[in-house]
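Just follow the structure's listing: the first ligand is 1, and inside any ligand the first atom is 1.
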Amino acid sequence: MTFTLKTSALALMTAAVLGGPVLAQDKVTLRMSTPASETDQRSVALAEVFAPAVSDFATYEPHYNASLIAQGSELEAIASGDLEMSIASAQELATFFPEFSIFATGYVHQDAAHQVAVFNDALMDPFKKTVEDELGVKLLSVMYLGRRHVNLRQCPDEVNVQTPADLAGVNLRMPGTDAWQFLGKALGANPTPMAFTEVYTALQTGSVDGQDNPLPTVVDAKFFEVTCQVALTSHLVDLNYIAFSKEVWDGLTPEQQEAVQAAADAAAESGRQAQLKKEEDLVSFLTEQGLKIYEPDLKAFREHVQAQYVGSEFAQSWPEGVLEKINALGN
Ligand code: KDO
């Protein structure tokens with residue numbers, strides 16, 4: 001005991017005099033809250049790529065399954081200093097800044113590469129600046145969540161999803177913000193708001209008919225155990241932004257800021273590749289599990305969804321010319 005105390009006292013003095021390694025208590029703690037599980041590819045990328053890259057000066061502290069902050073309240077928590085990081089959706093940002101609904105609109109982003117091109121383009125600068133100035137949140141990088149599809153309890157002999165008309169009367173769980181609910185309606189369904197962590201039980205008990213998420217989430221959250229079909233609508237190429245407290249950022253040295261930015265970009269890239277691979281591989285896994293997976297009339301879905309946005313209150317909030325710039329960055 002005495003030996004340990006003396007040793008650590010000596011280590012402290014040496015570190016103080018020689019400017020030695022940062023001690024654990026000097027490190028900044030980065031609490032990250034998400035509704036996602038620990039095995040979700042975005043969580044894995046942050047834990048395995050982001051965390052070690054900043055570990056010299058920061059302790060990454062992830063909280064999964066919305067165990068620290070409820071889904072949708074993370075940005076407020078960062079703004080009030082109760083959280084340092086989250087993976088925020090454009091739909092959540094749209095509750096503060098309606099113009100973000102452009103990135104939450106069906107059939108706007110074309111694929112993962114398009115998301116990256118849009119995020120890194122100058123068109124994003126005013127969006128990022130607004131979030132930084134008004135919410136104290138920095139959007140560091142864009143994470144790929146994947147192509148969202150319609151996943152139902154009913155089998156195709158009961159509900160065969162070919163066009164939006166086939167979703168009439170279907171209670172489709174969508175996350176609980178206006179932008180999500182609008183998308184559910186635009187698909188032709190009857191959207192029901194619900195937190196992600198409640199979806200499995202709701203599907204199991206039949207309090208909803210279905211939900212929409214990318215295939216990796218259907219597997220990770222085990223929705224395939226309580227559903228019968230996936231109609232590959234690809235209605236939203238979905239994303240999350242790595243959101244970081246501006247107050248914490250401002251307290252870092254320029255070298256540390258550079259390291260945080262590089263770590264976020266590397267984690268996003270690693271998560272993106274893992275998620276893309278899973279999307280490709282999981283069709284056969286889900287088919288083996290007995291799910292019926294098929295492609296509906298995509299033209300009918302795209303045209304119907306896009307028509308709902310034209311003239312909507314969301315479209316009215318989009319800054320002039322941004323949709324054209326986004327489209328120009330695609331194929
Ligand atoms: C969901 O609630 O369906 C959703 O996919 C919405 C996303 O924005 C994201 O928050 C995600 O849940 C969670 O990270 C859980 O995967």
Subject >> Pair Phe103 and Phe119, ring centroids less than 6.0 Å apart >> reply: no
Original post:
What's the shortest distance from atom 16 (O) of ligand 1 to any protein heavy atom, and which residue and atom give it?
Top reply: Arg42 NH2, 2.8 Å
**OP:** Considering non-hydrogen atoms only, spot the tightest contact between Ala189 and Leu172 and give its length.
**Re:** CB-CB, 3.8 Å
Original post:
Do the non-hydrogen side-chain atoms of Met85 and Ile242 ever get within less than 4.5 Å of each other?
Top reply: yes
Subject >> Parallel, tilted or perpendicular: rings of Phe314 and Tyr309 (30°, 60°) >> reply: tilted
Original post:
Is it true that Tyr64 and Phe196 have ring centroids separated by less than 6.0 Å?
Top reply: no
Subject >> For atom 5 (O) of ligand 1, closest protein heavy-atom neighbour >> reply: Asn213 OD1, 2.7 Å
**OP:** Would you indicate which of Gln71, Glu92, Arg173, Gln91 comes nearest to atom 3 (O) of ligand 1 when only heavy atoms are counted?
**Re:** Arg173
**OP:** Return the residue, atom name and 0.1 Å-rounded distance of the protein heavy atom closest to atom 8 (O) of ligand 1.
**Re:** Ser89 CB, 3.4 Å
Subject >> Side-chain H-bond candidate by donor/acceptor type, Gln41 with Tyr144, under 3.5 Å >> reply: no
Original post:
What atoms in ligand 1 come closer than 4.0 Å to a heavy atom of Thr34?
Top reply: 14 (O)
**OP:** With heavy atoms under 4.0 Å as the rule, classify the contact between Met174 and ligand 1 as side chain, backbone, both or neither.
**Re:** neither
Original post:
Considering only heavy atoms, does Ala36 approach ligand 1 within less than 4.0 Å through its side chain, its backbone, both, or neither?
Top reply: both
**OP:** Using a strict 4.0 Å cut-off to heavy atoms of Trp180, name the atoms of ligand 1 that fall inside it.
**Re:** 6 (C), 8 (O)
Original post:
For Leu145, is the nearest heavy atom under 4.0 Å from an atom of ligand 1?
Top reply: yes
Subject >> Atom indices of ligand 1 within 4.0 angstrom of Asn240 heavy atoms, with elements >> reply: 8 (O)
**OP:** Check the side chains of Ser141 and Asp265 for a donor-acceptor pair under 3.5 angstrom, ignoring hydrogens and angles.
**Re:** yes
Original post:
Going by heavy atoms, is Gln211 under 4.0 Å from ligand 1?
Top reply: no
Original post:
Counting only heavy atoms not in Glu38, do more than 12 sit closer than 6.0 Å to its CD atom?
Top reply: no
